[in-house]
Amino acid sequence: MKTAITELFGIEHPIIQGGMHYVGFAEMASAVSNAGGLGLITGLTQRTPELLAKEIARCRDMTDKPFGVNLTFLPTFSAPPYPEYIAAIREGGVKIVETAGRSPEQYMPALKAGGIKVIHKCTSVRHSLKAEQIGCDAVSVDGFECGGHPGEDDMPNMILLPRAAEELKIPFVASGGMADARSLVAALAMGAAGMNMGTRFIATKEAPVHENVKEALVAATELDTRLVMRALRNTERVLNNKGVEQLLEIEREKGKSLKIEDIHDQVAGVYPKVMIDGDMDAGAWSCGMVVGLIHDIPTVKELIDRIMADAERLIRQRLTGFLDGAGQRPAAARAMA
């Protein structure tokens, strides 16, 4: 399948693995890239630019396909040395960067000087247009369904994606709620040139996380995520657990006076406890509503191959069947729905 995104990034399939804290290691990124998608190393999971440089080198040993680095600009307890991280990316020969959080505008000259293509994750049309204006090559349009930070507009992808298609000149991918062939075909129908999957890729054999995490994703339903930090206008969608319930109780008690320090224990240092140690009640970690569509733990290649094969069947059989006046839905389409 060829789209503006596969052409832009030199990949076989229009599927991008989103940057995920303590998930986007070389093992994850290389598995996705080797399967024909675009894998991403999560830059800030590496504590220093020097460690990021080593992770990039490790990934290059695992794949000869294009891969990128995610660099997230978000309010943190201590500001990372972003120029040094960008230098590590450039020196590592990486030509694709996914930026997220705050606008990457001040860092665009350094990225572009390295010949890097930038795809910025946006939760609104206005932010997408700003990304286009400052020179981003593509946008990842993030609906309210997504894990992590969905912005403050609460706009689902059924509205957000067509609106983005109406306004943008640069290509974009759909992010949030993406899990399978149905997601991809729907995203393409609404104007996207591909999709970005985060949560779904955690439930794969190659994902370098504790088995408890994968099993929790399979067991969860679409009703098992919660929104936290809304009072701080830093809303995050997370998988519910005991730590999250404690966090929500603190938020109820503090109300509008809530400060980030009040929930420090429930949000800081949680990812290694969850992803490495398998402590599923440690606190808040990003998870999308799409968890309700995760029912197995395939290899990354099996997942991507299945998505692409099912997408072709959906387009060629089910959708063209409607135009041909088919009286019944094809059996293959019924199996996928």
Side-chain angles (χ1 to χ4, degrees), residues 1-43 45-46 51-71 88-98 115-119 121 137-138 140 171 173-175 178-181 183-184 187-188 193-211 213-214 217 275 290 294 296-312:
M1 183 182 290
K2 286 188 177 182
T3 73
I5 286 294
T6 63
E7 297 298 292
L8 178 65
F9 295 135
I11 56 179
E12 183 180 357
H13 305 307
I15 298 174
I16 298 175
Q17 166 243 317
M20 295 173 284
H21 204 31
Y22 276 84
V23 180
F25 293 101
E27 291 85 352
M28 183 85 262
S30 62
V32 174
S33 291
N34 283 332
L38 178 65
L40 295 175
I41 294 170
T42 305
T45 295
Q46 303 300 319
L51 288 173
L52 176 58
K54 291 180 180 178
E55 195 69 9
I56 290 170
R58 221 163 58 87
C59 193
R60 201 166 293 288
D61 287 340
M62 297 178 182
T63 183
D64 59 359
K65 303 290 182 63
F67 66 90
V69 172
N70 163 277
L71 203 53
I89 292 168
R90 289 176 55 174
E91 290 164 12
V94 174
K95 296 300 182 182
I96 303 167
V97 167
E98 177 193 62
I116 293 169
K117 294 184 174 78
V118 178
I119 178 169
K121 185 166 283 193
D137 300 277
S140 180
V173 297
S175 183
M178 302 293 117
D180 54 28
S183 312
L184 177 57
L188 295 173
M195 69 177 180
N196 179 306
M197 296 196 304
T199 303
R200 185 61 187 94
F201 273 127
I202 304 177
T204 57
K205 294 193 186 305
E206 293 93 337
V209 302
H210 198 284
E211 203 63 26
V213 179
K214 302 178 187 184
L217 293 178
M275 299 300 177
V290 74
I294 297 175
D296 62 353
I297 306 171
T299 67
V300 167
K301 188 177 189 316
E302 287 169 347
L303 176 61
I304 290 180
D305 285 351
R306 181 170 73 196
I307 289 171
M308 297 312 301
D310 287 351
E312 182 172 351

Donor-acceptor list for residues 13-27 side chains, cut-off 3.5 Å, not counting sequence neighbours:
residue, atom, partner, partner atom, Å
Q17, OE1, L40, N, 2.8
Q17, NE2, L40, O, 2.9
H21, ND1, T45, OG1, 2.8
E27, OE1, R58, NH2, 3.0
E27, OE2, R58, NH1, 3.0
E27, OE2, R58, NH2, 3.2

(request) Could you check F67 against V32 for side chain to side chain contact (heavy atoms under 4.5 Å, CB included), going step by step and ending with a plain yes or no? (result) CA-CA 9 Å; F67 66 90; V32 174; over 6 Å; no

(request) Test side chain to side chain contact (heavy atoms under 4.5 Å, CB included) on I56 and I41 and set out the steps. (result) CA-CA 8 Å; I56 290 170; I41 294 170; 4.1 Å; yes

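Annotation: side-chain hydrogen bond (donor to acceptor under 3.5 Å, both in side chains) contacts of T6 (sequence neighbours excluded): none. Remark: N34 pairs with S30, T63, K65 by the side chain to side chain contact (heavy atoms under 4.5 Å, CB included) rule, at least two apart or across chains. Applying the salt bridge (Lys or Arg N to Asp or Glu O under 4.0 Å) test to E302 and every residue at least two apart in sequence or in another chain returns nothing. Among residues two or more places apart in sequence or in another chain, the side chain to side chain contact (heavy atoms under 4.5 Å, CB included) test is passed with I297 by K205, E211, K214, V218. Judged as a salt bridge (Lys or Arg N to Asp or Glu O under 4.0 Å), and not counting sequence neighbours, R60 has no contacts. Under the side chain to side chain contact (heavy atoms under 4.5 Å, CB included) criterion, A179 pairs with S183, R200, V290, L293, not counting sequence neighbours. In terms of the side-chain hydrogen bond (donor to acceptor under 3.5 Å, both in side chains) criterion, residue partners of K301 (sequence neighbours excluded) are, by chain and number, D305. Partners of S140 by side-chain hydrogen bond (donor to acceptor under 3.5 Å, both in side chains), not counting sequence neighbours: none found. Residues that satisfy the side-chain hydrogen bond (donor to acceptor under 3.5 Å, both in side chains) test with E312, not counting sequence neighbours, are R316.
Applying the salt bridge (charged side-chain N to carboxylate O under 4.0 Å, His left out) definition to pairs two or more places apart or across chains, none involves residues 8-24. Counting only residues at least two apart or on different chains, no salt bridge (charged side-chain N to carboxylate O under 4.0 Å, His left out) pair has a member in residues 31-41.
Rounding to the nearest 0.5 angstrom, the gap separating the OG atom in S33 from the CE atom in M62 is 12.0 Å. To the nearest 0.5 angstrom, D137 atom CG is 10.5 Å from I116 atom CD1.
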